[in-house]
Amino acid sequence: MTAFIPTKTIAKTLSTAFIAVLVSTPVAAVDYKTLDVLPLNVKAVSVAKGVTIPWAIEPLSNGDLLITERSGTLYLLPKNSANLTKLSGLPQIDANGQGGLLDLALHSGPNSNQWLYITYSSTQGAKSGSNTALMRAKLSDDRTELLNTQLLYKGEHNSTKGQHYGSRIVFDNQGYVYFSIGDRGARDKNPQDLTRDGGKIYRLHTDGRIPKDNPFVNQKSAKHAIWSYGHRNPQGMWFDKTTQTLWSHEHGPRGGDELNIIKAGANYGWPVVSYGVNYSGTSFTDIQEKDGMQSPVLHWTPSIAPSDMLLVSSDKYPQLKGKLLLSSMKFSFLSALEISNKSVSKQYKILEGIGRVRSLAQGSDGYIYLGIDGQGIKRLEPEQ
């Protein structure tokens, strides 16, 4: 089965269907239940409970896992243990709606100088409310404390609204860190305005400096850290170091979840163009494509509520190796994508009924770990 394209009529008629679309491929719309299922002989084994919304999982080289609980706790899960240990040293976290303690990512610089990068909602700033911030810190030798914490970027224009903080973090192989901030519920104000944070993906040097070749550094009033704009709420990113390609997916409104290739300076259109409608069913735009605005590689209508992204490289899962995984929080399955020539050549559905998967990680042991809302952390174990 190849990709799928809806028309406006199909999208309105199949109000409960799942439609995945490769924009440039004119093929029929298909209910998500008819997607090819990739059978896996695995079982999901619980390894830790007590994490309500496990936003991110970051494996350590010794087999331990770091886990963020969105409400504001950073946990260490030691290898071969079910006992979670709280780490100290976090800044103040504003656990407001969809905000809180968000993504985690380890990065090793020169001379194995390893830092832990974290995104979270911060109240720092002149106005009430909060916005997404990026920080980094060192792990103490006993992995119980964050040391030498450094704030690298804090989105301005705080808001008391509780939606669309983003956020994910990835690194390329040239010394840059990328992270996302959602539109913060201000779709008509933030995403298309380069002078405001929100609805953007950003690029920094790993020490927080703004790269001289960022696309908007020569625009005096623009936020110089911006790499791309016109986003709604990106909550999954992956950097393909083989092709030097940054991928991201983001939540649409009611319909129009997107998978995008992120390009420097590109405008991804939100909310001028969209395949979705308001949650009430009313329209806010009749435009799905526009010159000067980047169309998605793939979109889902109705929304699947995608979260996180993971390229599987482990030999423990031959059927998944080389595929890109993302979760459907709304429909409780994982999507496995085959990527070829910077496009999606095939999409599978796996692990139906697994739950609302928030985070994905491949441990140093080769196992895939799932952070599932309300269930905690599970490990996919191949059955003999």
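Each residue takes its place number in the sequence, starting with 1. Keep in mind that this is a model prediction, so the values were computed, not measured.
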Is there a side-chain contact between [X] and [Y] in this structure, where contact means two heavy atoms from C-beta onward sitting under 4.5 Å apart?
X	Y	answer
V37	I350	no
P54	Y75	no
Q244	Q174	yes
L320	L38	yes
V272	T285	no
L326	S307	no
D213	R203	yes
L66	L76	yes

Could you pull out the closest heavy-atom pair between [X] and [Y], with the gap in Å?
X	Y	result
N214	I226	ND2-O, 4.2 Å
L204	L152	CD1-O, 4.2 Å
H224	Q219	NE2-O, 2.8 Å
P215	G265	CG-N, 3.5 Å
V170	M237	CG1-O, 3.4 Å

Is a side-chain N or O of [X] found less than 3.5 angstrom from the main chain of [Y], in a donor-acceptor match?
X	Y	value
Q192	W270	yes
D257	A305	yes
S167	S180	yes
T301	G256	yes
D103	I118	no
S221	T195	no
D172	Y176	yes
S314	Y317	no
N260	S248	no
Q362	V312	no

Inset, instruction - Measure up the Y202 and Y153 rings against each other and bin them: parallel (under 30°), tilted (30 to 60°), perpendicular (over 60°). - result: tilted
Inset, instruction - Using only heavy-atom distances, determine whether the side chains of H299 and E258 contain a donor-acceptor pair under 3.5 Å. - result: no
Inset, instruction - Check whether the side chains of H164 and D183 place a donor and an acceptor atom closer than 3.5 Å, and report yes or no. - result: yes
Does NZ or CZ of [X] lie under 6.0 Å from the centre of the six-membered ring of [Y], at an angle within 45° of the ring axis?
X	Y	result
K200	W227	no
R184	Y165	yes
K378	Y369	no
R232	Y268	no
R254	Y279	no

Answer yes when [X] and [Y] have at least one side-chain N-carboxylate O distance shorter than 4.0 Å, and no when they do not.
X	Y	answer
R358	D373	yes
K223	E156	yes
D36	K349	no

Inset, instruction - Verify the ring-centre separation between Y117 and F171: is it less than 6.0 angstrom? - result: yes
Inset, instruction - Kindly indicate, with the supporting measurements, whether the criterion side chain to side chain donor-acceptor pair (under 3.5 Å) is fulfilled by D308 and Q235. - result: CA-CA 6 Å; D308 218 345; Q235 290 188 348; over 6 Å; no
Legend entry - hydrophobic_cluster_shared for I262 and W247, side chain cutoff 4.5 Å: no
